Each structure stands twice: as C-alpha cells, then as structure tokens.
Number of protein chains: 2
Amino acid sequence: MSEQTMTIREMCDAFDVTPRTLRFYEAKELLSPIRAGQKRHYTRRDRGRLKLILRGKRFGFSLEEIRQLLDLYDIDDQQQTQISRTLDLARNRLDSMRQQRDELDAAIAELTDQIALGEGVLAGKTTQTA
Amino acid sequence: MSEQTMTIREMCDAFDVTPRTLRFYEAKELLSPIRAGQKRHYTRRDRGRLKLILRGKRFGFSLEEIRQLLDLYDIDDQQQTQISRTLDLARNRLDSMRQQRDELDAAIAELTDQIALGEGVLAGKTTQTA
DNA sequence: AGCGAAGTTGACGTGCACGTCACCGTAACG
DNA sequence: CGTTACGGTGACGTGCACGTCAACTTCGCT
C-alpha cells in the first residue's frame, strides 16, 4: 500500500471533475501523472495537488496563480534561487487571503443583518425599527 | 448635498473600473443609472450596489449570482412573494460564505506552515525536523 | 478473432466578463 | 465654425476554463 495510483476515472469520481478537466490541468502543467504506456496514473502527489487546485479555485485564484503557488508545496525539489521568489509570492498571496477573510467576515455580518431585516418585513413589521 | 450623482468617469475613477464594465453591468441589470438625455448619472444606490458587486466578484460569485443577491438589499421595493425566495437564496449564500471562510482559515494556516517550512530550507536546515 | 468499455489526442465550440474599435451625437472652447 | 473631449451604441475580438465530438489505441473478456 505504498504506490497507490489512480486511473483518470477514479480521480474524476473522487474529486467530481471530468477527464477533460484533468487533461486540461496537465496541459497547463498543474498535474503530471505517470504514463503507463499511454494511460495516465495519478499518484498521491497528484491527488494532493488537485485538492489544492480545487481549493484555490474556490477562492477565485486563476489556474496560473495556483500553478505558481503549488511550487511551494514541492519546495524540496527546487533550486535555492527559486525558493526565495516563491516565498515572496506565497507571502503576498497569504496577505491577500487574510484580507479576503476579513472582507468575507464583514460581508457575512452584513448579509446576516440584511436577512434579519428581510425576515422582519416578512413578519409584518415595518422597516422603521422604532 | 442630497442628490449626489456621479458621471461615468467619476465612477470609473472612484471604483477603478472601465466605462465598458459599468455599461456591461447595466446591460446585465446590475446597475440602473438615471438618464439625463443620453448620459448616465449614477446615484448613491448605484454606488452601493457597485461596491457589493465588486466585493461579490472577489469572492468568486458570478454576476448572475450577484444580481440575485442584490435584490436583498432592495427588499423594500419587492413583492412579499418574492422576498421569501430571495431570503432562501441569501441564506444558502450565507452558508457557503461561512464554509468558504472556514476553508480559507484552514488554507491560511496551511500556507503559513508551508512558508515557515520554506524559510527553514532557506536558513539551511534540512526538511527533517529531527 | 471479435467486441465493448475505457482512455488518448486533436480540433472546434461555448459561456462569461469584459476589451477594442468604428462611428455617431453634443457640449464646450478658442 | 471647426475641433477636441466626453459620452453613447453596436459589433466584433479576447482570455480563461473547460465542453463536445470525431477518430484512434488498448485492454479485458468471450
């Protein structure tokens, strides 16, 4: 139970994506499954990366941005010279994620208020709080 | 200082968007500036909506999703029958925003760890913590 | 050997969110 | 009165992230 690789279909079922999507990500160099002849075999590393890709997408990052971030998780393989650049990129990304979270918190609070307001209207009260 | 309306250019400068974008949003019925002859005049309401639109975009919502959410902030103008539907939509959206925030928190934590790891590598330590 | 299911590579199509360009109106300025 | 600036309306173009379809291999059976 060490070289647990998955076929493209197993990947699709596991992550709810289409084969087209996986091949597309590979073309964009986000994934690099092993080839057994022609067939693709996805390793644990590929699964980890895909998970990060899908998460990144939910946060509104482009595939290109995600590609650059993914390098951080493979930092062992990298040249020293590259690492510093990647770290800068990651720190920037981290900043914008923190900002995004703060904004998100604010938006959640606002929306919560608006819903309460709407529920009030439904309950027959007027908009005037007094 | 009550009917503070803005021209399209003032809007563009204030929100850092192009005229094309504002006209596009209008075509999609996200904005509805007053017309003085042909010219558009953006009211306080338009500015509020645009702010919400841009925020929504940063969270990865589509313009169509945003359009439906915007209705919640104009709930006074609506039919009772519509309000309930809009509220449901808003509650769903709120749920997914909360989920998104939790995920974002997790991602921030992970990325923070990875950065620390990378910094360790730069400092000359090996990946092996022991 | 034959067959179907699964996988592969192009190549073209699609929806979204605008960008770009050509052309028109009009209001202001020298 | 010409022209420059700002704004308007189509209409077509573009980048991204895939969807769709045709035309193969390649297994794994029977």
Side-chain angles (χ1 to χ4, degrees), chain A residues 3-43 46-47 49-71 89 93 96 100, chain B residues 3-43 46-47 49-71 89 93 96 100:
Chain A
E3 278 301 350
Q4 285 266 55
T5 111
M6 291 171 68
T7 77
I8 197 168
R9 181 111 308 274
E10 290 169 338
M11 287 291 281
C12 291
D13 293 347
F15 292 93
D16 194 33
V17 294
T18 68
R20 178 68 178 101
T21 299
L22 294 181
R23 290 193 272 262
F24 183 72
Y25 290 169
E26 186 178 346
K28 291 298 179 76
E29 297 182 39
L30 294 171
L31 296 177
S32 41
I34 305 170
R35 292 303 182 111
Q38 281 285 68
K39 312 256 172 105
R40 293 165 168 85
H41 286 289
Y42 294 88
T43 66
D46 292 312
R47 294 194 288 277
R49 291 173 72 95
L50 182 53
K51 192 177 162 189
L52 290 170
I53 293 168
L54 297 177
R55 174 190 289 164
K57 289 207 54 181
R58 281 194 297 281
F59 300 150
F61 293 136
S62 76
L63 291 184
E64 175 54 25
E65 290 174 315
I66 293 170
R67 194 186 60 75
Q68 298 186 39
L69 255 186
L70 277 176
D71 293 345
L89 206 143
R93 207 59 87 211
S96 69
Q100 202 178 152
Chain B
E3 276 301 349
Q4 286 264 58
T5 110
M6 291 171 69
T7 77
I8 197 168
R9 182 113 305 276
E10 289 169 339
M11 287 291 280
C12 291
D13 293 347
F15 291 93
D16 194 34
V17 293
T18 68
R20 178 68 178 100
T21 299
L22 294 180
R23 295 190 194 108
F24 183 72
Y25 290 169
E26 186 178 346
K28 291 296 179 77
E29 298 182 40
L30 293 170
L31 296 177
S32 41
I34 305 170
R35 292 300 182 113
Q38 280 285 69
K39 312 255 171 104
R40 293 166 169 84
H41 286 290
Y42 295 88
T43 67
D46 291 312
R47 294 194 287 278
R49 291 173 71 95
L50 182 53
K51 191 177 163 189
L52 290 171
I53 292 168
L54 298 177
R55 175 190 287 164
K57 288 206 56 180
R58 280 195 297 281
F59 300 148
F61 293 138
S62 76
L63 291 185
E64 176 54 24
E65 291 174 315
I66 292 170
R67 195 187 59 75
Q68 299 185 39
L69 256 186
L70 276 176
D71 294 344
L89 206 142
R93 209 58 86 211
S96 70
Q100 203 177 151

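On a predicted model such as this, the values are computed, not experimentally measured, just so you know. Numbers restart at 1 for each chain; the letters A, B, ... are given by sequence-line order, proteins then strands.
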Participant: Between D/dA17, D/dG7, D/dT9, which one does the side chain of B/Thr7 approach most closely?
Facilitator: D/dG7
Participant: Under the side-chain contact (heavy atoms from CB on, under 4.5 Å) criterion, do A/Val17 and A/Met11 qualify, and how do the steps go?
Facilitator: CA-CA 8 Å; A/Val17 294; A/Met11 287 291 281; 5.8 Å; no
Participant: Any carboxylate oxygen within less than 4.0 angstrom of a Lys/Arg side-chain nitrogen, looking at B/Glu26 and B/Arg23?
Facilitator: no
Participant: Once rounded to the nearest 0.5 Å, what's the spacing between atom CG of B/Asp46 and atom OH of B/Tyr25?
Facilitator: 13.5 Å
Participant: Between D/dA17, C/dC18, D/dG8, which nucleotide gets closest to the side-chain atoms of A/Lys57?
Facilitator: D/dA17
Participant: Is the count of non-hydrogen atoms from other residues, nucleotides or ligands lying under 6.0 Å from A/Glu29 atom CD greater than 12?
Facilitator: no
Participant: Rounded to the Å, how far apart are A/Arg67 CZ and D/dC16 P?
Facilitator: 12 Å
Participant: What parts of residues 9-21 of chain B reach DNA chain D, counting only heavy atoms under 4.0 Å away?
Facilitator: B/Arg9
Participant: Whole angstroms only, please: what is the CD1-P distance between A/Ile53 and D/dA17?
Facilitator: 11 Å
Participant: Atom OG1 in A/Thr7, atom CZ in A/Arg40: separation rounded to 0.5 Å?
Facilitator: 12.0 Å
Participant: Distance-only, no hydrogens or angles: does the B/Asp13 side chain make a donor-acceptor pair with backbone N or O of B/Glu10 under 3.5 Å?
Facilitator: no
Participant: In terms of side-chain heavy atoms of A/Arg35, which of C/dT8, D/dG8, C/dA17 is nearest?
Facilitator: C/dT8
Participant: Between D/dG8, D/dA17, C/dA17, which one does the side chain of A/Ser62 approach most closely?
Facilitator: D/dA17
Participant: To the nearest Å, how far apart are B/Ile8 CD1 and D/dA5 C1'?
Facilitator: 15 Å
Participant: For a side-chain contact (heavy atoms from CB on, under 4.5 Å) check, start with the C-alpha distance between B/Tyr42 and B/Leu50, then their side-chain angles and the critical distance, and finish with the verdict.
Facilitator: CA-CA 10 Å; B/Tyr42 295 88; B/Leu50 182 53; over 6 Å; no
Participant: From NZ of B/Lys39 over to P of C/dC24, roughly how many Å is that when rounded to an integer?
Facilitator: 18 Å
Participant: Rounded to whole angstrom units, what separation is found between the CZ atom of B/Phe61 and the P atom of C/dA17?
Facilitator: 13 Å
Participant: What parts of residues 22-30 of chain B reach DNA chain D, counting only heavy atoms under 4.0 Å away?
Facilitator: B/Arg23
Participant: Looking only at non-hydrogen atoms, find the nearest pair between B/Gln68 and B/Leu89 and report the distance.
Facilitator: OE1-CD1, 2.9 Å
Participant: Please state how far atom CD in B/Gln38 lies from atom P in C/dA27, giving the value in whole angstrom units.
Facilitator: 11 Å
Participant: Between C/dC16 atom P and A/Leu63 atom CG, what is the distance in whole Å?
Facilitator: 18 Å
Participant: Does B/Thr21 form a side-chain contact (heavy atoms from CB on, under 4.5 Å) with B/Phe15? I'd like the steps, not just the answer.
Facilitator: CA-CA 11 Å; B/Thr21 299; B/Phe15 291 93; over 6 Å; no
